[in-house]
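First up is the structure itself, then whatever we jot down about it.
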Amino acid sequence: MPDPTPRELAAIQEQRRAMFRPPWLRDLVAGRLTVGETFWAGHLGLEFVCVPTWFILMIAIRALPPGGGLAVMGIFTTLQSVLSVLVTLGVIRSAWTSRTRGWRWVAVIFSLIFSAASVLICAVTWTGEYTG
């Protein structure tokens, strides 16, 4: 956008303020946002929260008695998996109603891969076994 007007800048700022708040997250999961916004903001936003939380938990787990960390990490990976699946559902819903061409299906495929990986990590965390 070449040299946006003050009105356009105000609209952009208002749109940014709405991101990652409950109404925006409901719209994301419901697929009411664009495919790109749902895919990128959903998955990257999830990782911007999960990765730092993971590091903090890894440090905090050292203070727990042996075996206590497994339950904490299990709960964390379960929550991460649920959030990943919700973002993937939002991507699928958004792609289903989108008029864009091939990009929307690429986003769906990558979202399914991200969710499958997240669920696999969760399963391995809880069971301690990898059978793949």
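Excluded from the calculations below are hydrogen atoms, water molecules and symmetry mates; all remaining heavy atoms, backbone and side chain alike, are included.
A single hydrophobic cluster is not seen to contain both Ile113 and Val91; linkage of ILVMFWY side chains at heavy-atom distances under 4.5 Å, directly or through other members, places them apart. Using a 4.5 Å cut-off between side-chain heavy atoms of Ile, Leu, Val, Met, Phe, Trp and Tyr, with links allowed through other members, Val119 and Val49 fall into different hydrophobic clusters. Residues Phe114 and Val108 fall within the same hydrophobic cluster, defined by Ile, Leu, Val, Met, Phe, Trp and Tyr side chains chained together at heavy-atom separations under 4.5 Å. By the criterion of side-chain heavy atoms lying less than 4.5 angstrom apart, applied directly or through intervening Ile, Leu, Val, Met, Phe, Trp or Tyr residues, Trp40 is grouped together with Ile92 in one hydrophobic cluster.
Side chains of Ser111 and Thr88: no donor on one and acceptor on the other come within 3.5 Å. Judged by distance alone, the side chains of Trp126 and Thr78 do bring a donor and an acceptor atom under 3.5 Å apart.
A donor-acceptor pair under 3.5 Å is absent between the side-chain atoms of Ser115 and the main chain of Leu112, judged by distance alone. For Thr38 (side chain) and Ser94 (main-chain N/O), no donor-acceptor pair under 3.5 Å exists by modelled atom type.
You'll find the side chain of Leu64 reaches within 4.5 Å of the side chain of Val72, heavy atoms only. Taking 4.5 Å as the limit, some side-chain heavy atom of Arg17 sits within range of a side-chain heavy atom of Gln13. For the pair Cys50 and Phe76, the minimum side-chain heavy-atom distance is below 4.5 Å. The shortest distance between side-chain heavy atoms of Phe20 and Phe48 does not fall below 4.5 Å.
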